[in-house]
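Beneath this line is the structure, given in structure tokens, with notes to follow.
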Amino acid sequence: MASTADIRNGLCIKFNHDIYKIIEFLHVKPGKGPAFVRTKLKSLTSGKVLDNTFSAGHKIDVIRVETHTFQFLYPEGDEFHFMNAETFEQISLNKNILDAPDLLKEGTNVMVQINTETDLPLSVDMPASVILEVTYAEPGVKGNTATNATKNATVETGASVNVPLFINEGDKIKIDTATGSYMERVKE
């Protein structure tokens with residue numbers, strides 16, 4: 001058993017008969033009253049996100065997890081197939097476990113957290129950003145840059161991303177996997 005002092009991002013806990021991963025947390029010490037910890041929890045079985053507040057010193061049930069590097073192989077319907085980079089063992093995971101399945105390119109390395117008690121995969125941590133090629137982008141209108149104007153573009157994985165007007169088909173762009181937003185154009 002751990003307490004609220006051990007809470008950190010990425011920690012997996014048992015809560016309300018389900019397994020949750022802590023996405024965000026904030027220790028709050030108000031001027032009047034006891035301290036508490038405000039958290040944002042993501043269910044690893046359903047993918048739902050909920051806000052919860054723990055009082056300071058509250059006991060939490062931590063789940064022991066191991067993190068392994070897996071390489072994304074291919075999608076098949078709602079199942080995504082991965083291979084362990086060390087043992088070459090293959091697993092398939094449901095689309096719901098993934099944070100940004102539409103940004104996964106074949107060959108991308110991800111970190112998979114596995115419950116040590118049951119040997120079941122709990123969550124998949126994507127890299128912070130991915131570099132993808134733009135396969136379709138509407139032509140930008142020259143001179144229409146008085147504001148931060150954006151247009152819709154489709155990348156090689158089929159995901160749709162808002163990009164600046166100067167991005168064209170064939171350009172490689174860096175995308176933030178947490179928000180799914182454009183970061184920068186990549187020159188090679």
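Quick note: numbers below take in every heavy atom, side chains included, and nothing from hydrogens, waters or symmetry partners.
- When Phe15, Phe25, Phe36 are each tested for a ring pair (Phe, Tyr, Trp, His ring centres under 6.0 Å) with Phe54, only one passes: Phe15.
- Connection of Ile13 to Val124 is not established within any shared hydrophobic cluster, with ILVMFWY side chains joined at heavy-atom distances below 4.5 Å, either directly or through further cluster members.
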Please test Thr108 against Gln71 for side-chain contact (heavy atoms from CB on, under 4.5 Å), starting from the C-alpha separation and ending with a verdict.
CA-CA 6 Å; Thr108 303; Gln71 184 180 42; over 6 Å; no
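- Side-chain N or O atoms of Lys29 include none that pairs as donor or acceptor with a backbone N or O of Ala35 at under 3.5 Å.
- Distance CG/Asp102 to OG1/Thr157: 6.0 Å, rounded to 0.5 Å.
- Hydrophobic clustering, with ILVMFWY side chains joined whenever heavy atoms are under 4.5 angstrom apart, groups Leu104 together with Ile91.
- Between the CD atom in Gln113 and the CG atom in Leu11 there is a gap of 9.0 Å [rounded to 0.5 Å].
- Between the side chain of Ser92 and the main chain of Phe80, no donor-acceptor pair closer than 3.5 Å is present.
- In this structure, the side chain of Asn16 does not engage the main chain of Asp18 through any donor-acceptor pair within 3.5 Å.
- Salt bridge Lys172/Glu133: present, at least one basic N to carboxylate O contact under 4.0 Å.
- Rounding to the nearest 0.5 angstrom, the gap separating the OG atom in Ser3 from the NE2 atom in His58 is 10.0 Å.
- Under a hydrophobic clustering in which Ile, Leu, Val, Met, Phe, Trp and Tyr are joined whenever their side-chain heavy atoms come within less than 4.5 Å, directly or via other members, Val163 and Phe166 fall into the same cluster.
- Distance check, rounded to the nearest 0.5 Å: CG of Asp51 to CD1 of Ile23 gives 9.5 Å.
- A donor-acceptor pair is defined here as one N or O able to donate and one able to accept, closer than 3.5 Å; no such pair exists between the side chain of Ser160 and the backbone of Thr154.
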Gln90 and His81: side-chain hydrogen bond (donor to acceptor under 3.5 Å, both in side chains), yes or no, with the steps?
CA-CA 7 Å; Gln90 292 187 15; His81 297 272; 5.5 Å; no
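- Between the OG1 atom in Thr87 and the CD atom in Glu89 there is a gap of 5.0 Å [rounded to 0.5 Å].
- Side-chain contact between Leu26 and Val37 is absent, with no heavy atoms from C-beta onward closer than 4.5 Å.
- Between Ile22 and Arg8, the closest side-chain pair of non-hydrogen atoms is not below 4.5 Å.
- Looking only at distances, a side-chain donor or acceptor of Thr177 sits under 3.5 Å from a matching main-chain atom of Ala128.
- In this structure, Ile131 is not a member of the same hydrophobic cluster as Tyr182, with clusters built from ILVMFWY side-chain heavy atoms closer than 4.5 Å.
- Between Val28 and Pro30 there is a side-chain heavy-atom pair separated by less than 4.5 Å.
- Between Ser129 and Ile175, every side-chain heavy-atom pair lies at or beyond the 4.5 Å cut-off.
- The residues Lys105 and Glu156 are annotated as salt-bridged, a charged nitrogen and a carboxylate oxygen being separated by less than 4.0 angstrom.
- Placement of Ile60 and Val65 in two distinct hydrophobic clusters is found when ILVMFWY residues are connected by side-chain heavy-atom separations under 4.5 Å, directly or transitively.
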I would like to know whether Lys174 and Glu184 meet salt bridge (Lys or Arg N to Asp or Glu O under 4.0 Å); could you show each step before the answer?
CA-CA 5 Å; Lys174 188 184 242 186; Glu184 64 184 357; 3.6 Å; yes
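- The closest donor-acceptor contact from the side chain of Lys59 to the backbone of Thr4 lies at 3.5 Å or more, if one exists at all.
- Annotation: the span from Tyr74 atom OH to Met83 atom CE amounts to 11.5 Å, rounded to 0.5 Å.
- Within the 4.5 Å cutoff, no side-chain heavy atoms of Asp6 are placed close to those of Val62.
- Ile114 has its side chain within reach of His68: a pair of non-hydrogen atoms, C-beta onward, lies under 4.5 Å apart.
- Within a 6.0 Å radius of NZ in Lys42, more than 12 heavy atoms belonging to other residues, nucleotides or ligands are found.
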